[in-house]
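Any value given below was found using the heavy atoms of this structure, including those in side chains, with hydrogens, waters and symmetry copies removed. One-based numbering, in listed order, for ligands and for the atoms of each.
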Amino acid sequence: MAIATINPATGETLKTFEALNDEEIVAKLDLANRTFEQYRQTSFSERSHWLQKAADILEQDKAEFAKLMTLEMGKPFKAAIAEVEKCAVVCRYYAEHAPGFLADVSIKTDANQSFVRYQPMGAILAVMPWNFPFWQVFRFAAPALMAGNVGLLKHASNVPQCALAIEDIIRRAGFPEGAFQTLLIGAAKVADLMADDRVKAATLTGSEPAGASLAVAAGKQIKKTVLELGGSDPFIVLESADLETAVVTATTARMLNNGQSCIAAKRFIVAEAIADKFEKLLLEKFEALKVGDPMQPDTDLGPLATPGILQDLDQQVQGAISSGGKVIIGGHPLSDRPGNFYPPTIIIDIPTDTPIAKEEFFGPVALLFRVPDIDAAIKLANNSPFGLGASAWTTNNQESDRLVEEIEAGAVFINSMVKSDPRLPFGGIKRSGYGRELSIQGIHEFVNVKTVWVK
Ligand code: NAP
């Protein structure tokens, strides 16, 4: 894939970039390693100060950064602004809490003194997706830098200007040269990086094939990885739910980021008793969404990020129809305009055992299933190769307890949509990946947990 900015709302190529050659990559790896030897000696208060400064820059120039995101991958500008603000929050969160998360932990044993010390590992490679081009990177970079690691970013090839802007923010914030570098490279170079001694571990957010290929390359070298992969999150609505709020939230949870979020609600599993009403209200909400130029403040749904994503999504929709599904709104790309626009789409009556019912639909397409009761709802929710998040709606405490206990996912949100929050761990099980980002768990992923025993 070429490294380029191509406006998804118009199809226009705005800027292309040369990938780094092998010598340039080696120079960056050398710099990362040299910087690490000094950077690891810096104090928490220095790192906190730089990270707070990065938050200041993000807040001051948020419109500029948001515009870049919208231009490169098409998310509505207002959502891009919110994303930049959230990056500032995660920087401030780790600037404040990392010293506590990484303090020595004393453990009573028969030694004179025994404790756990957390130490940085070195250069960590982050292979990142385009869908949240700033947030995905900052949620890796903030804890990694506070822990004393240095970062190497291989961003998605369609967001190179975002990738360079992030490197620049971290440099301007005062972090030493080389503490965080963007590598403009294609995916084919990732395996070589994993084989390089200067790269100590890696995190990847993206698709299953990308995750699997990174894990193979890392496994050969016995290097640690964190994988945040796809999801097909269920959104379960039971009979006692507050239906109005559930429908409004369902619409937001499906349409977030033009439908291209790993934790978007994708499979709507609704109790038969309220299913007619839910379907009617959801249809009304989808009909009311404004599709168009993502730069406009009243746009709800912008274009998909690339023509390839549009094509894949449409193929899945046609596959769902041939498997027995019925489209009640949308169902075809919008051919009346340039760009990668797909309309809000609802598909009902897909047989639950067809392979397509288990796939991740990465766009504004809701699959609506009806179930007789909570047992069937949980069974269907778990009938998925993925296990990222789940949202479930009920006002019955016993039902709520069962949903929390029995749903196979990295997160269950009751009467709320699934979202990430720096204070809470984020990650999946099953084919959604392993490891956790954010919170105390996130910062402990890329450290050496050193046991110390003093007799
Ligand atoms: P993708 O194609 O896997 O791309 C993600 C990143 O991986 C890009 O930087 C890409 O580089 C790179 N990559 C692709 N193939 C690779 C390979 N074989 N080896 C190493 N790196 C490789 O994913 P996407 O289509 O951009 O993103 C959508 C997917 O990400 C969805 O499944 C979504 O659910 C998931 N996602 C998960 C989370 C989470 O936290 N769990 C968050 C956001 C997105 P190039 O761009 O150069 O190909």
Side-chain angles (χ1 to χ4, degrees), residues 1-6 8 17 19-20 72-75 83 125-140 152-160 162-163 182-195 199 202-218 225-233 256-266 304-313 316 340 359-363 384-389 409-411 418-421 424-438 442:
M1 199 157 136
I3 302 175
T5 301
I6 302 172
F17 294 81
L20 297 178
E72 292 200 302
M73 54 65 68
K75 74 174 61 206
E83 182 170 335
L125 174 68
V127 181
M128 290 287 134
W130 47 266
N131 63 343
F132 292 94
F134 268 59
W135 169 243
Q136 297 291 353
V137 178
F138 274 97
R139 79 182 189 181
F140 154 73
L152 294 166
L153 170 65
K154 181 269 176 276
H155 216 325
S157 292
N158 56 332
V159 289
C162 288
T182 284
L183 308 178
L184 288 182
I185 51 171
K189 286 280 178 204
V190 170
D192 291 348
L193 287 177
M194 287 319 298
V199 175
T203 180
L204 179 143
T205 300
S207 60
E208 283 177 78
S213 113
L214 179 92
V216 167
T225 52
V226 166
L227 299 182
E228 298 283 4
L229 309 179
S232 184
D233 284 7
L256 181 76
N257 212 32
N258 304 337
Q260 305 158 121
S261 168
C262 52
I263 48 167
K266 293 174 185 140
L304 297 175
T306 66
I309 292 159
L310 180 78
Q311 206 181 1
D312 289 351
L313 184 69
Q316 285 178 302
N340 318 317
E359 287 184 10
E360 177 183 33
F361 282 63
F362 215 55
S384 166
F386 300 109
L388 195 52
V418 180
K419 50 189 181 243
S420 59
D421 180 318
L424 296 169
F426 183 100
I429 58 169
K430 295 157 82 174
R431 296 186 75 87
S432 291
Y434 50 75
R436 290 294 178 268
E437 293 191 280
L438 302 175

Check your understanding: Nearest 0.5 Å, what's the CG-OG1 distance between L229 and T205?
Key -> 8.0 Å
Study note, to complete from the structure: Output for pair (I263 CD1, S232 OG), nearest 0.5 Å, gives 13.5 Å
Point to revise | Min side-chain heavy-atom separation I309-N340 under 4.5 Å | key: no
Practice item. Find all atoms of ligand 1 within a distance of less than 4.0 Å from any non-hydrogen atom belonging to V127, and give their numbers and elements. Key: 6 (C), 7 (O), 9 (O), 12 (C), 21 (N)
Point to revise | Closest protein heavy atom (residue, atom, distance) for atom 6 (C) of ligand 1 | key: M128 O, 3.5 Å
**Study point:** Per-atom contacts of ligand 1 with S213, taking only distances under 4.0 Å to non-hydrogen atoms
**Key:** 17 (C), 18 (N), 19 (N)
Check your understanding: Of the backbone atoms (N, CA, C, O) and the side-chain heavy atoms from C-beta on, which set of V190 has a member under 4.0 Å from an atom of ligand 1: side chain, backbone, both, or neither?
Key -> side chain
Review point. Identify the closest protein heavy atom to atom 5 (C) of ligand 1: which residue and atom is it, and at what distance?
Key: T205 O, 3.6 Å
Practice item. Report yes or no: does F132 have a heavy atom closer than 4.0 Å to ligand 1? Key: no
**Study point:** Exam field: side chain H155 to backbone P133, donor-acceptor pair closer than 3.5 Å
**Key:** yes
Exercise for review: Kindly indicate whether atom 30 (O) of ligand 1 is approached by any protein heavy atom to under 4.0 angstrom.
Suggested key: yes
Practice item. Starting from atom 48 (O) of ligand 1, find the nearest protein heavy-atom neighbour and note its residue, name and distance. Key: A187 CB, 4.0 Å
Exercise for review: Say whether N131 and ligand 1 are in contact under the criterion: heavy-atom distance to a ligand atom below 4.0 Å.
Suggested key: yes
Study note, to complete from the structure: Filtering G206, A19, A202 for the heavy atom nearest atom 35 (C) of ligand 1 leaves G206
Practice item. Enter the distance from E359:CD to Q316:CD here, rounded to the nearest 0.5 Å. Key: 5.0 Å
Practice item. Tell me which one of P160, G427, C262 gets a heavy atom nearest to atom 42 (C) of ligand 1. Key: C262
**Study point:** Atom indices of ligand 1, in the order listed, that fall short of 4.0 Å to a heavy atom of E360
**Key:** 31 (C), 32 (O), 33 (C), 34 (O)
Exercise for review: Can you sort out the partners of F362 under ring pair (Phe, Tyr, Trp, His ring centres under 6.0 Å), two or more places apart, ordered by chain and number?
Suggested key: W130
Exercise for review: Determine whether L204 and T225 make a side-chain contact, defined as any pair of heavy atoms from C-beta on separated by less than 4.5 Å.
Suggested key: no
Exercise for review: Could you tell me whether H155 approaches ligand 1 through its side chain, its backbone, both or neither, with non-hydrogen atoms closer than 4.0 Å?
Suggested key: backbone
Revision key, fill the gap. Looking at A212, S261, S207, the heavy atom closest to atom 3 (O) of ligand 1 belongs to S207
Practice item. Rounded to the nearest 0.5 Å, what's the gap from OG1 on T203 to CE on M128? Could you check? Key: 4.5 Å
Revision key, fill the gap. of all protein heavy atoms, closest to atom 41 (N) of ligand 1 is L229 O, 2.7 Å
Point to revise | R139 near ligand 1 by a heavy-atom separation under 4.0 Å | key: yes
Point to revise | Which of the ligand 1 atoms, numbered from 1, are nearer than 4.0 Å to a heavy atom of K154 | key: 9 (O), 11 (O), 45 (P), 47 (O)
Point to revise | Ligand-side contact atoms (ligand 1) for residue partner S157, heavy atom cut-off under 4.0 Å | key: 45 (P), 46 (O), 47 (O)
Check your understanding: Between CG of L313 and CD of E360, what distance do you get to the nearest 0.5 Å?
Key -> 10.5 Å
Review point. What do we get for L388 next to ligand 1 when only non-hydrogen atoms under 4.0 Å count, side chain, backbone, both or neither?
Key: side chain
Revision key, fill the gap. The ring pair (Phe, Tyr, Trp, His ring centres under 6.0 Å) partners of F134 (sequence neighbours excluded) come to F65
Review point. If you take all heavy atoms of F132 and Q260, which pair is closest and at what distance?
Key: CE1-O, 4.2 Å
Practice item. Could you check atom 28 (C) of ligand 1 against the protein and tell me its nearest heavy-atom contact, residue, atom and distance included? Key: F362 CE2, 3.5 Å
Check your understanding: What is the nearest protein non-hydrogen atom to atom 15 (N) of ligand 1, stated with its residue, atom name and distance?
Key -> A210 CB, 3.5 Å
Point to revise | Element-labelled atoms of ligand 1 that are located less than 4.0 Å from some non-hydrogen atom of W130 | key: 24 (P), 25 (O), 26 (O), 27 (O)
**Study point:** Distance in Å, T182 OG1 paired with L153 CG, rounded so as to fall on 0.5 Å steps
**Key:** 4.5 Å
Check your understanding: Contact between Q136 and ligand 1, counting heavy atoms under 4.0 Å?
Key -> yes
Check your understanding: When you measure from the side chain of R436 to the backbone N and O of G428, does any donor-acceptor pair fall under 3.5 Å?
Key -> yes
Check your understanding: Backbone N or O of W135 within a donor-acceptor pair of the E83 side chain at under 3.5 Å?
Key -> yes
